[in-house]
Amino acid sequence: MTAKISYDEVEVGTELPAQTFPVSRARLVQYAGASGDFNPIHWNEKFAKEVGLPDVIAHGMFTMAEAIRVVTDWAGDPGAVAEYGVRFTKPVIVPNDETGALIEVSAKVAAKLDDDDRTVRVDLTAISAGQKVLGMSRAVVRLA
């Protein structure tokens, strides 16, 4: 597969469709099983509070993976992402209720990098409970 978005049709400032991703305790347990990261701060409320956290928190890599979905959905191919990096700024706190947490992600094309390579830089913003949870979140995407 290749990206479905044409490099020639994208302008700097193009906003990608924003998405909101729900995070429940059950999703964290599923992610722990898939990733092998069973740190109790991600599923055990008592332990998380004992080590000074306000509650159970989502895995950083889970948060990062949810955020990049905005880019892969837009591009039409996860393989179009050539580079991706973030800084973890705040944890996603996941209460033990019917709602859990939400990660709200927006993104925009920040730069056209290489006409020959047809790459753009996409800057992402990820917010949960009104706080930015990822900083310097950037992806380099190779377009059609």
Side chain [X], main chain [Y], donor-acceptor under 3.5 Å:
{"X": "Ser106", "Y": "Ala18", "value": "no"}
{"X": "Thr72", "Y": "Arg69", "value": "yes"}
{"X": "Trp43", "Y": "Val56", "value": "no"}
{"X": "Asp117", "Y": "Thr119", "value": "no"}
{"X": "Thr89", "Y": "Lys132", "value": "yes"}

Under a 4.5 Å side-chain heavy-atom rule over Ile, Leu, Val, Met, Phe, Trp and Tyr, are [X] and [Y] clustered together?
{"X": "Val140", "Y": "Val71", "result": "no"}
{"X": "Leu102", "Y": "Tyr31", "result": "no"}
{"X": "Val133", "Y": "Ile41", "result": "no"}
{"X": "Val141", "Y": "Leu113", "result": "no"}
{"X": "Val120", "Y": "Val81", "result": "yes"}

Out of curiosity, [X] [atom1] to [Y] [atom2], how far, rounded to the nearest 0.5 Å?
{"X": "Ser128", "Y": "Ile93", "atom1": "OG", "atom2": "CD1", "result": "7.5 Å"}
{"X": "Lys4", "Y": "Asp73", "atom1": "NZ", "atom2": "CG", "result": "10.5 Å"}
{"X": "Phe62", "Y": "Phe21", "atom1": "CZ", "atom2": "CZ", "result": "9.5 Å"}
{"X": "Met64", "Y": "Arg87", "atom1": "CE", "atom2": "CZ", "result": "12.5 Å"}
{"X": "Leu124", "Y": "Ile68", "atom1": "CG", "atom2": "CD1", "result": "5.5 Å"}
{"X": "Glu45", "Y": "Leu53", "atom1": "CD", "atom2": "CG", "result": "11.5 Å"}

Would you list the pairs meeting salt bridge (Lys or Arg N to Asp or Glu O under 4.0 Å) in which at least one residue belongs to residues 52-61, sequence neighbours left out? Arg25-Asp55
Restricting to non-hydrogen atoms, name the atom on [X] and the atom on [Y] that form the minimum distance, rounded to 0.1 Å.
{"X": "Tyr84", "Y": "Ala67", "result": "OH-CB, 3.7 Å"}
{"X": "Gly60", "Y": "Phe88", "result": "O-CE2, 3.1 Å"}
{"X": "Leu28", "Y": "Ile57", "result": "CD1-O, 3.9 Å"}
{"X": "Ala107", "Y": "Val70", "result": "CB-CG1, 4.1 Å"}
{"X": "Ala101", "Y": "Pro95", "result": "N-CD, 4.3 Å"}
{"X": "Val12", "Y": "Ala110", "result": "CG1-O, 3.5 Å"}

Between [X] and [Y], is any pair of side-chain heavy atoms under 4.5 Å apart?
{"X": "Ile5", "Y": "Val10", "answer": "yes"}
{"X": "Val23", "Y": "Ile103", "answer": "yes"}
{"X": "Val109", "Y": "Trp74", "answer": "yes"}

Flag yes if more than 12 heavy atoms outside Lys90 fall under 6.0 Å of its NZ atom; otherwise flag no. no
Derivation and outcome, side-chain contact (heavy atoms from CB on, under 4.5 Å), residues Val105 and Thr125: CA-CA 6 Å; Val105 182; Thr125 302; over 6 Å; no
Criterion side-chain contact (heavy atoms from CB on, under 4.5 Å) on Glu66 and Arg27, from CA distance to verdict: CA-CA 12 Å; Glu66 291 290 81; Arg27 293 266 324 219; 3.5 Å; yes
Going by the angle between their ring planes, with limits at 30° and 60°, are His42 and His59 parallel, tilted or perpendicular? parallel
Tell me whether Glu83 is salt-bridged to Arg142, with the criterion being a basic N under 4.0 Å from an acidic carboxylate O. no
Test: Arg118 and Asp116 ion pair at under 4.0 Å: no
Can you confirm whether the side chains of Tyr7 and Asp115 place a donor and an acceptor under 3.5 Å from each other? yes
